[in-house]
*Asks:* 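Below is one structure. I have some questions about it.
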Amino acid sequence: MSLPSPDYLAKLNPEQRAAVETLDGPLLVLAGAGTGKTRVLTTRFAHLLLSGRCQPHQILAVTFTNKAAREMRERVGAILGRPVEGLWLGTFHALAARMLRRHAEMAGLRSDFTILDADDQARLLKQVMDGAGVDLKRWPPNGLMAVIQRWKDRGLTPERVTAAEASDYANGRAVALYGAYQARLKQLNACDFGDLLLHVTELLRTDEEVLGRYHRLFHYILVDEYQDTNLVQYLWLRLLAQARKNICCVGDDDQSIYSWRGAEIENILRFEKDFPGATIVRLESNYRSTRPILAAASGLIAKNEGRLGKTLRPGRNDAHGEKVRVVSLWDSEEEARMVGGRIEEAKRDGVSLSEVAILVRAGFQTRAFEERLITLGLPYRVVGGAKFYERQEVRDAMAYFRATVQPADDLAFERIVNVPKRGLGDTAMAAMHRLAREHRCSLREAAQRLTESQDIRPRPRAALRELLEGFARWSAALERDGHVVVAAQILDESGYTEMWRQDKSPEAAGRLDNLKELVRALSDFASMPAFLEHVALVMENDENAEGERVSLMTLHAAKGLEFDWVFLPGWEEGLFPSQRSLDEGGAKSLEEERRLAYVGITRARKRCFVSHAANRRIYGNWTASIPSRFIGELPPDEVEFEGEQARAQPGWSGGSVFAGGALTGYRAPRLIDAPAWEVQERPKPGASIAVGERVFHQKFGYGRVTAVEDDKLDIAFEKAGPKRVLDRFVEKV
DNA sequence: AGGTTAGTAATTTTT
DNA sequence: TTACTAACCT
């Protein structure tokens, strides 16, 4: 290939170009934040095709999100000047599902197997545990769910779980329960998300013939976000790459933030060992952020031990800019006011609100900011909240569709058999399950038998018969009238829409809208099963992205995004880094929290505000907190401190002290002399307490006020009984 | 069968 | 504080 550089290569910097043009053998591209990772990936894809190395269908390109897959598809198409078809380009799960459908019978499934979502999984596992006589109070199903998922993440079928990998959950019954759960899935012709990769990997591991077919098929493999792969995904990739060894993984060890979901940062750390002779290319030229922002992020992440090492340098000439600002505040309300005020200022200065984001550690933190933004009249959107396909009414409707198409889908049938209320209670359901067990048939067949027996009262029996007739009618109508028409018919004739019409709650109208939207969405698909597959794998979240709005989201949800202005509130010990995370994972988790902080800072193009509050309301009561150690780890020369001085914290590595102070204009005028976090007084002492209110007393605990006389209160304490106390000794809760 | 209440637990969630 | 679940009452 000694032709003059094609246009698409000329646009790359030398390191990017190396990443694109190193085509043979294993390649790891360490792509720092904002270094043009997507460009490299898509250009490489296009380059493979344009250089005549292979055909489109001979490339396996894997992403984690549908969004990333879509983006890659579009950008490759743009470079090639035409849409590309017949690609093996998609998420790990979508690609695994596609493979599994081809070989379903080898995994004990039919090719039309159902993919269960988290909710179905949980219900199924609970049933299995209940059936095995497990004490569900002592051993919550969620606990076992997590254990099983970790096993699946590690490529462990029940047979492969060794003593060393076993869990002491439910007195050592976990593996047996796992086996029972898998057996039940097979019976239902279903699999969960973890199974998609587990089954396929197991197949590739044990069947050379099948493995050989894929070796012949895939000439090149491309992997995005490699730092987030779990063990089974790694095994799957390694098996597929074994023969030709043309695997290119792109990722950033400093942005590995999903270990709690099974991701193993070790995958990327030991790439060179796993793939001998690998080339490593580092992308360190950052085109996104100003120099101070990069310096702050780099200084922070340098405190991590377990990393390959990489330093972001400004790739733009205009990369000077304001320092990262660290703001100290009295309490979380003041913090919300500060952020709101700053956003108003930014807006006045012409910054678009769609270029402003507030990134928090945990979902519940968004609330305080939402309230503040509402007060100020600033439009916002919360990214990653309840997703469309996870809403109750949508899931119910989906269950109706599933039960129509798949008569054996017990989970779907059970979900809606008494929704709307048809008078079927525990007795009827127990009878149905008993019949299903006796005849080894689906619940739907059992229900059929039940309507022919005298086991339940006439009223529920008639209602059940009507439902079953409905299913028969609807599935017959599918062919004739088309899935969109029938979908609407199902929701109407089942009484489901009517149920929400009768509902007086304020959400009812919205739910009816969602049902309409769902039926509309069906029209984008060729058939009902195609739609169900799409929803199971894609779970698209149509955010109301349009319009100028401040974005509110968790740090996790922000990975891969960028904004001109970024606010990072709540940098306090216990909250960020999260105490829970530290308790569970120790030093390793601390490093992951630090990576999360790094992800947060590197989202910012122009301005970045870190803040912490001395007092925060947690589960209703005020708690004092100290600044996050991460604040002390920011390189002091690259940040500017604002607000009340803080003493150096014991745990601070830098030992730096807040400089400056008293320039905020946001700080509440009190307690000027004392460092904010030494003060024991609660921000809201118990003013005007009325009869009937619940209060807390240091000595007597919680109680309810039964009478008020001047400053004296009669309180019925929950533990200590009735007492008379002075109002200043209690606080409202 | 279904609604009410008391008790309990509480991050992050690409598919 | 809220949200969810499991016993409890009607």
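Convention: sequence-line order gives letters A, B, ...; per-chain numbering from 1. FYI, side chains are in, hydrogens and waters are out, and symmetry mates aren't considered; it's all heavy atoms of this structure.
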*Asks:* Just call it for A:R367: base, sugar-phosphate, or nothing, with non-hydrogen atoms closer than 4.0 Å on any strand.
*Replies:*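 It contacts sugar-phosphate atoms only.
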
*Asks:* So if I apply the side chain to side chain donor-acceptor pair (under 3.5 Å) rule between A:K37 and each of A:D252, A:T42, A:D224, which one comes out positive?
*Replies:*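 Testing A:K37 for a side chain to side chain donor-acceptor pair (under 3.5 Å) against A:D252, A:T42, A:D224 leaves exactly one candidate, A:D224.
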
*Asks:* Taking the nucleotide of DNA chain B with the closest heavy atom to each, which residue, A:L424 or A:A118, is nearer the 5' end?
*Replies:*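 The residue closer to the strand's 5' end, by nearest nucleotide, is A:L424.
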
*Asks:* Output the residues of residues 120-132 of chain A in contact with DNA chain B, where contact means a heavy atom of the residue under 4.0 Å from an atom of the strand; sort by number or write none.
*Replies:*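 Within residues 120-132 of chain A, no residue comes under 4.0 Å of DNA chain B.
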
*Asks:* If the condition is salt bridge (Lys or Arg N to Asp or Glu O under 4.0 Å), which residues does A:E584 pass it with, not counting sequence neighbours?
*Replies:*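 If we apply the salt bridge (Lys or Arg N to Asp or Glu O under 4.0 Å) test to A:E584, skipping adjacent residues, the hits are A:R580.
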
*Asks:* Given atom CG of A:D583 and atom P of B:dA10, what is their separation to the nearest angstrom?
*Replies:*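 Rounded to whole Å, this separation is 13 Å.
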
*Asks:* What is the distance, to the nearest angstrom, from the CZ atom on A:R461 to the P atom on B:dA1?
*Replies:*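 About 14 Å, once rounded to whole Å.
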
*Asks:* Looking at every strand, decide which applies to A:N418 at a 4.0 Å heavy-atom threshold: base, sugar-phosphate, or nothing.
*Replies:*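 Touches sugar-phosphate only.
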
*Asks:* Please list, pair by pair, any protein nitrogen or oxygen found under 3.5 Å from a nitrogen or oxygen in nucleotides 6-9 of chain B.
*Replies:*
none

*Asks:* In whole angstrom, give the distance that lies between atom CD1 of A:I618 and atom P of C:dT2.
*Replies:*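 Computing the A:I618:CD1 to C:dT2:P distance gives 16 Å.
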
*Asks:* With A:F413, which residues qualify under ring pair (Phe, Tyr, Trp, His ring centres under 6.0 Å), at least two apart?
*Replies:*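 Testing A:F413 for ring pair (Phe, Tyr, Trp, His ring centres under 6.0 Å), a comparison that skips the adjacent residues, returns none.
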
*Asks:* Keeping to residues at least two apart or across chains, list the ring-ring contact (aromatic ring centres under 6.0 Å, His included) pairs with something in residues 113-144 of chain A.
*Replies:*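 Residue pairs with at least one partner in residues 113-144 of chain A: A:W139-A:Y169.
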
*Asks:* In chain order, what residues pass the side-chain hydrogen bond (donor to acceptor under 3.5 Å, both in side chains) check against A:D228, with sequence neighbours excluded?
*Replies:*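 Checked A:D228 against side-chain hydrogen bond (donor to acceptor under 3.5 Å, both in side chains); matches are A:K559.
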
*Asks:* Among residues at least two apart in sequence or on other chains, which ones pass side-chain hydrogen bond (donor to acceptor under 3.5 Å, both in side chains) with A:R422?
*Replies:*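 A:R422 satisfies side-chain hydrogen bond (donor to acceptor under 3.5 Å, both in side chains) with A:Y400 once adjacent residues are dropped.
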
*Asks:* What does A:T63 touch in the nucleic acid at a heavy-atom separation under 4.0 angstrom: a base, only the sugar-phosphate, or nothing?
*Replies:*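 No contact at all - A:T63 keeps every heavy atom at 4.0 Å or more from the nucleic acid.
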
*Asks:* Rounding to a whole Å, what distance do you find between A:D119:CG and C:dC4:C1'?
*Replies:*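 These atoms are roughly 13 Å apart.
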
*Asks:* Can you name the residues that form a side-chain hydrogen bond (donor to acceptor under 3.5 Å, both in side chains) with A:W88, not counting sequence neighbours?
*Replies:*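 For A:W88 there are no side-chain hydrogen bond (donor to acceptor under 3.5 Å, both in side chains) partners, ignoring immediate neighbours.
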
*Asks:* What is the separation between atom CD on A:Q365 and atom P on C:dT2, rounded to the nearest whole Å?
*Replies:*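 One finds 17 Å between P of C:dT2 and CD of A:Q365, rounded.
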
*Asks:* Apply ring pair (Phe, Tyr, Trp, His ring centres under 6.0 Å) to A:Y234 and list each qualifying residue two or more places apart in sequence or on a separate chain.
*Replies:*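 Scan of A:Y234 (ring pair (Phe, Tyr, Trp, His ring centres under 6.0 Å), adjacent residues dropped) gives none.
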
*Asks:* Just the rounded figure in Å: distance from P of C:dA3 to CG of A:N142.
*Replies:*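 The distance from CG of A:N142 to P of C:dA3 comes to 18 Å, rounded to the nearest Å.
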
*Asks:* Between A:N230 and B:dT15, is there a side-chain N or O to OP1/OP2 distance below 4.0 Å?
*Replies:*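 So the side chain of A:N230 is outside the cut-off, no N or O lying under 4.0 Å from OP1 or OP2 of B:dT15.
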
*Asks:* Once side-chain hydrogen bond (donor to acceptor under 3.5 Å, both in side chains) is applied, do any residues pair with A:D583, and if so which ones, sequence neighbours excluded?
*Replies:*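 A:D583: side-chain hydrogen bond (donor to acceptor under 3.5 Å, both in side chains) contacts with A:Q579.
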
*Asks:* With a 4.5 Å limit on heavy-atom distance, are the side chains of A:R616 and A:T623 in contact?
*Replies:*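 Contact flag for A:R616/A:T623 side chains = no.
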
*Asks:* Could you list, one pair per line, each protein nitrogen or oxygen that sits under 3.5 Å from a nitrogen or oxygen of nucleotides 11-14 of chain B, together with the distance?
*Replies:*
| residue | atom | partner | partner atom | Å |
| --- | --- | --- | --- | --- |
| B:dT11 | O4 | A:S581 | N | 3.0 |
| B:dT12 | OP1 | A:G363 | N | 2.9 |
| B:dT12 | O2 | A:R361 | NH2 | 2.7 |
| B:dT13 | OP1 | A:T554 | OG1 | 2.5 |
| B:dT14 | OP2 | A:K387 | NZ | 2.5 |
| B:dT14 | O4 | A:D228 | OD2 | 3.3 |

*Asks:* Return each pair, listed once, that meets salt bridge (charged side-chain N to carboxylate O under 4.0 Å, His left out) where at least one residue sits in residues 95-104 of chain A; pairs must be two or more places apart or across chains.
*Replies:*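 Output for this query lists A:R101-A:E533.
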
